[in-house]
Each structure stands twice: as structure tokens, then as C-alpha cells.
There are 2 protein chains.
Amino acid sequence: MLGKQAAGEVGTATRILDVAERLVQSRGFNGFSYANVAAELGMTKAGLHYHFPGKAELGEALINRYAIRFAEALQAIDADSASVRAKLAAYAAVYADVLKEQRMCLCGMLAADYETLPAAMRTAVVRFFDDNETWLERVLEQGAKEGALHYEGRARDQAQLIISTLEGAMLVARPYGDPERFRAAAHRLLATLDGG
Amino acid sequence: MLGKQAAGEVGTATRILDVAERLVQSRGFNGFSYANVAAELGMTKAGLHYHFPGKAELGEALINRYAIRFAEALQAIDADSASVRAKLAAYAAVYADVLKEQRMCLCGMLAADYETLPAAMRTAVVRFFDDNETWLERVLEQGAKEGALHYEGRARDQAQLIISTLEGAMLVARPYGDPERFRAAAHRLLATLDGG
DNA sequence: GTCTATAGGCAGATAGAC
DNA sequence: GTCTATCTGCCTATAGAC
């Protein structure tokens, strides 16, 4: 339950999620273990099982928290951005911030591991992409109506292209250790929406 | 050595590579084991070690063979395509053919696993992307010269965007089990090169 | 909540027979 | 070349003490 820690304090479950999240984002779901997490927190593996019974439950919790944070970031973009063009730039910046820490998008990484994931995690990964698509679709439709964005065909398809490109740009940029590689691709992608 | 099999026959090393390749492309490098490969071939794990001393060597061999095949595919495209636009369509079709078998690009998958890979595999993965970039750069420059393709800035940067987008489109399409999702993204990507 | 201890299984790998 | 047998280590997970 919440409210057991003093203000600013971080509970054990949260610290476990923080470490596991970073490990999954950098090494993949099959590339980390309870032992890795426990060692980093100065705990034993058994201690982790109290908070998350199994790796599957931990994985679910990771995706759910990540999805909530992402949704909050999108709400913040909606609230703060002055234009649809600014919204798209801010959206790409969310990805850039993840990559900056040498991490892959959690759900992009899990998309690679998809075949090996428990069913509940699979469902949650797909929902993450669906939610992103829905948000982007709305922004793109608004932009088209305002005449601020230009693209052919359905907004939903353009939204899928944007997600694919940003995920792919993260994926490829990481082996090069070069965030600029991502930035250039994202900028070029969004530039295609400016022209007539 | 080569030449030990009768025409059309396939050696054990090749059959090992075939199975391991499919497993890596669908499950990732940390999502398959010697036991998986051996079981599928009706062999024991020990038998595999005769052909590939360790998982690292097997992984290197996988990338090297994949890179050679990819290079051959690019040569075939150069030989057969009537236009630069046709070359790019054929390039995207190479990715689509991989996805059709519900596989991720081998090196795209290994890019996700990158942090956990042995050094030699890392080098080979980056070289794969570099080679693709170089080929695309040449096509894009030719296209610009002919006036058949239109893009802003350097061909090399546009090449990176194309690779990122195709890899990302494969990555995201697989959880949906929907090759059409990839096809639409690829088509939309290439369409951005047509306009003025 | 976190520990020690341990289970049971699978991982990658090797030795040596055939 | 492929096998049997085995090793060592790590994995996920559980029982039960504190």
C-alpha cells in the first residue's frame, strides 16, 4: 500500500522496479535476473519474491508503471505545448530522454523479446503501442485540420510510422552509443510532416 | 571444409546455423540455447560444440552468414532493378520477406541484445548496419542526381532514417502478427522520397 | 520484510568413448 | 562427427527462521 513511507522516501518495491526497469531496458527481459537486481540493492533474491512473486509479475508491474508514466508525459505535452508541431517535437523528446540514459524504450525492448514473454506481458506491450498510436492519431488529425501538418492517408497509419521510426531509431542508435543519431532521424521524420 | 556433401546436400554446420538463426530472430540471443538447437536437429548439445566451440562463435557465424546473404541480395538488386525507386522498393521487400516468416531482422534483434553480446558479435552487428548505410547512401545519391528521389540534407542521414524505420517497423509489427503493418510503414516511408 | 538454506532445473561447456 | 556422462554455475522459486 501507499503512504507507508515518509515524504520523499522510496519504498522497496519502487527501488526494485527502478533497478529492474533499467536492466530490462539495457539488457532485455532474458538478459537480467533476480540475482542482478538483488545484488544492486544489497538484498537477497528471496527478498525480491516477497514484493514480486515471480519474474512474470515483476515484468507486468514494469510495463504498467512505464505505461502510466508515458501517459502522464503525454498529458503534460497536451497541457504545455503551444502547437501540434510542438507536441510532436515533445513526443520525440520523450524517446530521446530515454535513449540519453543509454536505454531502449522498455516496450520496444520487450517487443524484441515478445516471443518469450508470458501472456500478460504480451498484452500489456501491445496496449502500450495502441495507446501511443491513439494519442498520436489525435494530434495528427488536429494538425491536419489546422493545416499545420501534412501527410497522405489516414492519421492512424502515419501514427504507426512515427512510432516505428522512433523505436527503430532508438534500437539502432544504441549500438553506436550515439544519441545524435537518434536526434537526426527524429528531426528528419518530423520534417516530412511540415512540407505541403 | 566445403565440398564434402553431395550436390544439394546440407552439412551439419549449415543446419545448425539455420535452426539457430531462426531461434535468434524470433527469441533473441539470450532466449535460445544449445539444447533448443540440438533437440530440433535430433542431436546432443555436445555434438554442436564440435561445429561451434561456444555460443559466441555460433553467434559470430550467424551474423557473418547473414551479412553475406544480405550483401548478395543488395548486389542482386543492383543488377536487376530498373530504377533507384525500384531499388528502394526491393530493399524494403528484403525486410518484408524476413518478417513474413515471423522473424525480426537478425541484426535488429541483436541490436536489442547488444549490451549482453560478446565483443566480436558487437563489432559484426555494427558493421552490418554500416554496410547497409553505405549501400543506401549510394542509391540515394544516384537518385538525387537523376532527380528521381527528393530528400533534404545528406544521403547518409537519409540512409540512417530508412534503416531505423524499417527495423522499427519490423520490431513493432511482430507483436501484432501483422505483416501488413510493416508494408504500410515501408510504403509510406518511401513515398516521402517521391515528392518534390 | 528480509534473511538463510535449499530445491530442481537448465545453462554453457568439457572429457573421453565409439 | 556424434555420443554418454559429467561438471560447474546460474536460474527461478519456495520453506521456514528471525
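Numbers restart at 1 for each chain; the letters A, B, ... are given by sequence-line order, proteins then strands.
When only modelled atom types and interatomic distance are considered, B/Ser33 and B/Asn36 share a side-chain donor-acceptor pair under 3.5 Å.
A sub-4.0 Å separation between OP1 or OP2 of D/dC3 and a side-chain N or O of B/Thr44 is present. Between B/His51 and D/dT2 there is a side-chain N or O to OP1 or OP2 distance below 4.0 Å. A/Thr12 has no side-chain polar atom (N or O) that falls below the 4.0 Å cut-off from OP1 or OP2 of C/dG1.
In this structure, B/Asn30 places its CG atom 18 Å from P of C/dC10, rounding to the nearest Å. A/Tyr50 places its OH atom 18 Å from the P atom of C/dT4, with the value rounded to the nearest Å. Rounded to whole Å, atom P of C/dA11 lies 14 Å from atom CZ of B/Phe29. Whole-Å rounding puts the A/Leu48 CG to D/dT14 P distance at 13 Å.
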Atom pairs, N/O to N/O, protein against nucleotides 6-11 of chain D, distance under 3.5 Å?
| residue | atom | partner | partner atom | Å |
| --- | --- | --- | --- | --- |
| D/dC11 | OP1 | A/Ser33 | OG | 3.0 |

Protein-nucleotides 15-18 of chain C N/O pairs closer than 3.5 Å?
none

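When all heavy atoms of B/Ala186 and B/Leu166 are compared, the closest pair comes out as CB-CD2, 3.9 Å. Scanning all heavy atoms of the two residues, the minimum distance from A/Arg65 to A/Asp18 falls at NH1-OD1, 2.8 Å.
Taking the six-membered ring where tryptophan is involved, the planes of A/Phe70 and A/Tyr91 are perpendicular, since the angle between them exceeds 60° and thus also 30°.
Residue-environment remark: CZ (B/Arg154) stays at or below the threshold of 12 foreign heavy atoms within 6.0 Å. Taking a 6.0 Å sphere around CD of A/Glu146, one finds it holds more than 12 heavy atoms contributed by other residues, nucleotides or ligands.
Without hydrogens or angle criteria, B/Arg174 side chain to B/Leu99 main chain gives no donor-acceptor distance under 3.5 Å.
With sequence neighbours left out, B/Tyr50 forms a side-chain hydrogen bond (donor to acceptor under 3.5 Å, both in side chains) with no residue at all.
Taking the ring centre of B/Phe182 as origin, the terminal cationic atom of B/Lys100 falls outside the region bounded by 6.0 Å and 45° from the ring axis.
A/Gly42 comes within 4.0 angstrom of the backbone, heavy atoms only, and of no base.
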